[in-house]
Student: 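Please see the structure below; I have some questions.
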Amino acid sequence: TPMNNDTGMDNWAPNPSHKVPPPPEYPPEEGRFLRGNDLSPVAVCVILKWPEDKIPPDIEKLVRMGVESGAALAGTLQTENIGVEKMICNLAANPNIRWLVICGPESPGHSTGQALQALWTNGIGEDSRIIGAVGPTPFLYNIPGEAIARVRQQIRLVDLLNEGDPALIREAVWSCY
């Protein structure tokens, strides 16, 4: 049977009026992201299908646009396992984030965007596999199921997978306020 699949829609608030500064060690995981307004209700995840030394300027522009538009965090995500785990840790560490905008081109090897869609829709199984993910290794072994459940309850996806227009990303961030 699936684990941690209660999305808690009844208790969810899109932008709570009471803001809480994240803890001093926030964000706890390193990664390829920019930190913006800690009190923001939105984060931006740009799917990355290129090696670090070949990231196109357009992808870097999407990350910058996220933070410049008011996101708490904006960064790239390359893998459907460890990358997702690190992102979940950073999202869980900021109780103000209620929205996650995913954008950029899908990664044909990892299917990272599809893994995020599946995670938010289906959760994880008892084997820690993202239910319904099609990537080669969508296992979240290194993060407690409770953290995954909390993030799925706290945060809603704004699914702009395969979109790369900076103006659209800006509008998505603004619409989360």
Side-chain angles (χ1 to χ4, degrees), residues 14-15 22 26-122 130 132-140 142-143 147-148 151-152 154-177:
N15 190 2
Y26 170 79
E29 293 291 332
E30 294 181 4
R32 195 177 300 109
F33 60 84
L34 299 174
R35 184 174 175 181
N37 175 4
D38 289 345
L39 302 180
S40 171
V42 61
V44 175
C45 173
V46 182
I47 304 301
L48 184 63
K49 65 178 187 176
W50 297 274
E52 185 174 7
D53 61 340
K54 292 184 172 46
I55 299 173
D58 288 352
I59 295 297
E60 293 175 349
K61 184 176 182 178
L62 289 177
V63 172
R64 281 193 315 277
M65 180 58 67
V67 168
E68 290 170 3
S69 300
L73 295 172
T76 57
L77 178 64
Q78 195 159 28
T79 62
E80 78 280 22
N81 42 44
I82 294 172
V84 171
E85 290 174 340
K86 288 182 172 198
M87 184 184 71
I88 287 173
C89 287
N90 288 340
L91 292 173
N94 187 336
N96 301 306
I97 298 174
R98 293 292 190 256
W99 303 93
L100 176 63
V101 176
I102 61 170
C103 60
E106 178 63 285
S107 172
H110 291 281
S111 298
T112 310
Q114 188 275 336
L116 287 177
Q117 294 165 334
L119 178 62
W120 255 261
T121 301
N122 306 317
I130 299 172
V134 299
T137 54
F139 293 93
L140 306 181
N142 302 306
I143 187 167
I148 295 167
V151 166
R152 288 181 67 234
Q154 173 183 320
I155 298 171
R156 300 291 170 259
L157 281 186
V158 177
D159 188 353
L160 297 177
L161 185 61
N162 293 312
E163 293 289 346
D165 177 3
L168 182 62
I169 305 312
R170 180 179 58 243
E171 288 177 28
V173 170
W174 289 351
S175 71
C176 295
Y177 274 87

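Computation of the quantities below employed the complete heavy-atom set of this structure, encompassing side-chain atoms and omitting hydrogens, waters and symmetry-equivalent molecules.
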Student: Minimum heavy-atom separation for R152 and L119, please, with both atom names.
Tutor: NE-O, 2.8 Å
Student: Between OH of Y26 and CG of L73, what distance do you get to the nearest 0.5 Å?
Tutor: 3.0 Å
Student: I want to check something: taking the side chain as every heavy atom from C-beta on, are V101 and C45 in contact at a cut-off of under 4.5 Å?
Tutor: no
Student: Roughly how far, to the nearest 0.5 Å, is the CG atom of L116 from the CD1 atom of I47?
Tutor: 5.0 Å
Student: State, yes or no, whether a side-chain contact exists between P56 and I59 at a heavy-atom distance under 4.5 Å.
Tutor: yes
Student: Can you tell if the side chain of I148 reaches within under 4.5 Å of the side chain of L140, non-hydrogen atoms only?
Tutor: yes
Student: If I compare all heavy atoms of G104 with all of V46, which pair ends up nearest, and what's the gap?
Tutor: CA-CG1, 4.3 Å
Student: Check whether more than 12 heavy atoms from other residues, nucleotides or ligands sit under 6.0 Å from atom CD1 of I82, and answer yes or no.
Tutor: no
Student: Taking the side chain as C-beta and beyond, is there a heavy-atom pair between L160 and L168 under 4.5 Å?
Tutor: yes
Student: For the side chain of S175 and the backbone of A172, is there at least one donor-acceptor N/O pair under 3.5 Å apart?
Tutor: yes
Student: May I ask you to test the R98-V42 pair for a side-chain heavy-atom distance under 4.5 Å?
Tutor: no
Student: Between W99 and V158, is there a donor-acceptor pair closer than 3.5 Å when you use the side chain of the first and the backbone of the second?
Tutor: no
Student: Under the side chain to side chain donor-acceptor pair (under 3.5 Å) rule, what pairs show up with a residue in residues 34-50, not counting sequence neighbours?
Tutor: R35-D38, S40-Y177
Student: Take D159 and Q117, measure what side chain to side chain contact (heavy atoms under 4.5 Å, CB included) needs, and give me the verdict at the end.
Tutor: CA-CA 8 Å; D159 188 353; Q117 294 165 334; 2.6 Å; yes
Student: Show the numbers, then the answer: is there a side-chain hydrogen bond (donor to acceptor under 3.5 Å, both in side chains) between E106 and T112?
Tutor: CA-CA 7 Å; E106 178 63 285; T112 310; 4.9 Å; no
Student: Mind listing the closest non-hydrogen atom pair of E163 and L62 along with its distance?
Tutor: O-CD1, 4.4 Å
Student: About how many Å separate NE2 of H110 and CD of E80, when rounded to the nearest 0.5 Å?
Tutor: 6.0 Å
Student: Between I155 and W120, which heavy-atom pair has the shortest distance, and what is it?
Tutor: O-NE1, 2.7 Å
Student: Ignoring hydrogens, what is the shortest heavy-atom contact between G109 and P136? Give both atom names and the distance.
Tutor: O-CD, 3.3 Å
Student: For V63 and V44: C-alpha separation, side-chain torsions, deciding distance, then whether side chain to side chain contact (heavy atoms under 4.5 Å, CB included) applies.
Tutor: CA-CA 7 Å; V63 172; V44 175; over 6 Å; no
Student: Please round to the nearest 0.5 Å and tell me the distance separating atom CD1 of I130 and atom CZ of F139.
Tutor: 9.5 Å
Student: Could you grab the distance from atom CD of E60 to atom CZ of R32, nearest 0.5 Å is fine?
Tutor: 9.0 Å
Student: With rounding to the nearest 0.5 angstrom, report the CG to CD distance, L34 to E68.
Tutor: 8.5 Å
Student: Looking only at heavy atoms, which two atoms of A93 and P22 are closest? And how far apart?
Tutor: O-CB, 3.8 Å
Student: Do N96 and P41 have side chains that approach each other closer than 4.5 Å (heavy atoms only, starting at C-beta)?
Tutor: no
Student: Counting only pairs under 3.5 Å, give me each side-chain donor-acceptor contact of residues 83-91, with atom names and distances, residues two or more places apart or in other chains.
Tutor:
{"unit_1": "E85", "atom_1": "OE1", "unit_2": "N142", "atom_2": "ND2", "d": "3.1"}
{"unit_1": "E85", "atom_1": "OE2", "unit_2": "Y141", "atom_2": "N", "d": "2.8"}
{"unit_1": "E85", "atom_1": "OE2", "unit_2": "N142", "atom_2": "N", "d": "2.8"}
{"unit_1": "N90", "atom_1": "OD1", "unit_2": "E29", "atom_2": "N", "d": "2.9"}
{"unit_1": "N90", "atom_1": "ND2", "unit_2": "E29", "atom_2": "O", "d": "3.2"}

